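A quick write-up on the structure given underneath.
Heavy atoms only: backbone and side chains are in, while hydrogens, waters and symmetry mates are out. Chain letters run A, B, ... following the sequence lines, proteins first and then strands; every chain starts at 1. Just so it is clear, the model here is predicted, and its values are computed rather than measured.
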Number of protein chains: 2
Amino acid sequence: MKVETRKEEIIKTSTILFQKKGYSAVTMRDIAKVMGIKAASLYNHINSKQEILSNIIISLAEAFTEGMTTIMSSNDSSIDKLSSIVKLHVDITSSNTSGMASLNNDWMHLEEDLDYYLKLRLDYEDNIRQIIEQGISSNQLQDSNAEVMLFSMLSTLRSLYIWIPSKEDLDPFELAENLNKVLLTGIIK
Amino acid sequence: MKVETRKEEIIKTSTILFQKKGYSAVTMRDIAKVMGIKAASLYNHINSKQEILSNIIISLAEAFTEGMTTIMSSNDSSIDKLSSIVKLHVDITSSNTSGMASLNNDWMHLEEDLDYYLKLRLDYEDNIRQIIEQGISSNQLQDSNAEVMLFSMLSTLRSLYIWIPSKEDLDPFELAENLNKVLLTGIIK
DNA sequence: GTCTATAAATCGATAGAC
DNA sequence: GTCTATCGATTTATAGAC
């Protein structure tokens, strides 16, 4: 059984509040109230509100980067790599749904770690772009606009956090399967 | 030539600022500074910061509802209706890219108009769901999970605002064409 | 229509007792 | 590790002069 440190409790509580109202609209007093302590007590465990946000976003961004590194080093086909990316998003989003809201909507409020985050995100997108272009070159993917493909796929995967919590009847494996089908082969018969 | 009232100028300026930092992180002083006046002067034209947000979001939500009403009253096939929805999103997003950011990320900060907005959004989603289910019944769409189809399509369309401004080389008509192809027929050859 | 001045509330964060 | 008390800055919004 994992013993949660007080700092981890604060981050977990903040993550849920940030999802509901966004980083800027959540106060240290809001976080403290949910935890049943006073706002001043929070500072015995964390240095600033900014540190909480950074912790939430950077750990998620690094998880995506790590997953992408594994995928890129494989010998899979372009299509199999894209399927692995879908699964990566479903897995990470399932394990930290609320945190994904901050990653998507509050990254611009990062201060010290903003540039680092932007680099991770840009590299991640470049990797997917590379996979798609290779898929087109090798005749596995349709010869349409690669940017539109990239955009459509990433938009859906990045929005998963909005949708996953309300659909708990669908397990992660089945969801990844359905998503793969829709994203790769479309919806028309 | 349209003459812009001072109120419309304020809303336009606010829309751009809200897109960059979100509603909560933008102050009345920020808005005033961009307009070259003092914050107190804004209140000669608007009643509150909340009124600005409501104006941005509700006008967009009503535009979507109006477009959907037209689509639903047509005799088009399910597939043609979905294509019209794609075009509706491309058109509205092209005409007010920044405003779409508030619609997507700051709707929860609506006060008086929150329930009205939620009803418009729910009805809109129900209409798309209905079109997809009819497409499956009439054998035009694949017999996959309708909710996943709905989610994937709406996620992509709702994220258009992130993507449109940087791709000005692609005109709205061509973008809608490419999106239709990717969303309806997928990316696999 | 814009200004200065200011009210009243709230913000993140610190000091120091226990 | 939590508390009370508080600082200094900032927030939305109003009053009233010009």
Side-chain angles (χ1 to χ4, degrees), chain A residues 2-58 99 101-102 105-114 117, chain B residues 2-58 101-102 105-114:
Chain A
K2 171 102 184 289
V3 177
E4 208 167 41
T5 67
R6 209 79 174 107
K7 179 170 179 175
E8 286 170 335
E9 276 184 70
I10 293 173
I11 292 172
K12 195 173 186 176
T13 302
S14 302
T15 303
I16 294 168
L17 291 174
F18 289 171
Q19 178 180 29
K20 277 191 225 165
K21 306 202 292 172
Y23 174 72
S24 303
V26 174
T27 71
M28 297 302 280
R29 286 167 178 81
D30 290 335
I31 300 166
K33 193 163 198 173
V34 173
M35 295 193 65
I37 58 177
K38 296 292 175 184
S41 304
L42 294 171
Y43 290 89
N44 205 51
H45 309 282
I46 51 116
N47 294 312
S48 65
K49 187 185 173 188
Q50 171 71 200
E51 184 188 332
I52 301 175
L53 181 70
S54 175
N55 215 295
I56 294 170
I57 293 181
I58 298 299
S102 297
N105 303 321
D106 282 321
W107 58 266
M108 72 286 280
H109 297 119
L110 285 174
E111 294 167 9
E112 215 177 327
D113 290 333
L114 178 59
Y117 163 75
Chain B
K2 171 102 185 288
V3 177
E4 209 167 43
T5 68
R6 210 78 175 109
K7 178 170 179 175
E8 286 169 336
E9 276 185 70
I10 293 172
I11 291 171
K12 196 174 186 176
T13 301
S14 304
T15 303
I16 294 168
L17 291 175
F18 289 171
Q19 178 180 29
K20 278 190 227 167
K21 306 202 293 173
Y23 173 73
S24 303
V26 173
T27 70
M28 298 301 278
R29 284 171 179 79
D30 290 335
I31 300 167
K33 192 163 200 174
V34 173
M35 295 193 65
I37 59 178
K38 296 292 176 184
S41 304
L42 293 172
Y43 291 89
N44 205 50
H45 310 283
I46 49 114
N47 294 312
S48 64
K49 188 186 172 188
Q50 172 71 199
E51 184 188 332
I52 301 175
L53 181 69
S54 174
N55 214 296
I56 295 170
I57 293 181
I58 298 299
S102 297
N105 303 321
D106 282 322
W107 58 266
M108 72 285 283
H109 297 118
L110 285 175
E111 293 166 10
E112 215 177 327
D113 290 333
L114 178 58

Produce the list of close N/O pairs, under 3.5 Å, pairing protein atoms with atoms of nucleotides 3-7 of chain D; give distances to one decimal.
residue, atom, partner, partner atom, Å
D/dC3, OP2, A/Lys38, N, 2.5
D/dC3, OP2, A/Ser41, OG, 3.1

What is the separation between atom [atom1] on [X] and atom [atom2] on [N], rounded to the nearest whole Å?
{"X": "A/Lys33", "N": "D/dT2", "atom1": "NZ", "atom2": "P", "result": "18 Å"}
{"X": "A/Lys49", "N": "C/dC11", "atom1": "NZ", "atom2": "P", "result": "9 Å"}
{"X": "B/Asn44", "N": "C/dG1", "atom1": "CG", "atom2": "C1'", "result": "5 Å"}
{"X": "A/Asp30", "N": "C/dC11", "atom1": "CG", "atom2": "P", "result": "7 Å"}
{"X": "A/Glu111", "N": "C/dG12", "atom1": "CD", "atom2": "P", "result": "12 Å"}
{"X": "B/Ile46", "N": "C/dG1", "atom1": "CD1", "atom2": "C1'", "result": "14 Å"}
{"X": "A/Leu42", "N": "C/dA13", "atom1": "CG", "atom2": "C1'", "result": "11 Å"}
{"X": "A/Lys21", "N": "C/dC11", "atom1": "NZ", "atom2": "C1'", "result": "13 Å"}

Review point. Once you round to the nearest 0.5 Å, how far does CD1 of A/Ile58 lie from CG of A/Leu110?
Key: 5.5 Å

Review point. If only atom types and distance count, is the side chain of B/Lys49 paired as donor or acceptor with the main-chain N or O of B/Tyr23 below 3.5 Å?
Key: yes

Review point. Does A/Glu111 offer a backbone N or O that forms a donor-acceptor pair with the side chain of A/Gln50 under 3.5 Å?
Key: yes

Review point. For the residue pair A/Met108 and B/Lys21, what are the closest heavy atoms and their distance?
Key: CG-CA, 4.5 Å

Point to revise | Partners passing salt bridge (Lys or Arg N to Asp or Glu O under 4.0 Å) against A/Glu112 (at least two apart in sequence or in another chain) | key: none

Study note, to complete from the structure: Hits for salt bridge (Lys or Arg N to Asp or Glu O under 4.0 Å) against B/Arg29, two or more places apart or cross-chain, chain-then-number order -> none

Practice item. Using a cut-off of strictly less than 4.0 Å, decide whether B/Tyr43 has a side-chain nitrogen or oxygen near OP1 or OP2 of D/dT14. Key: no

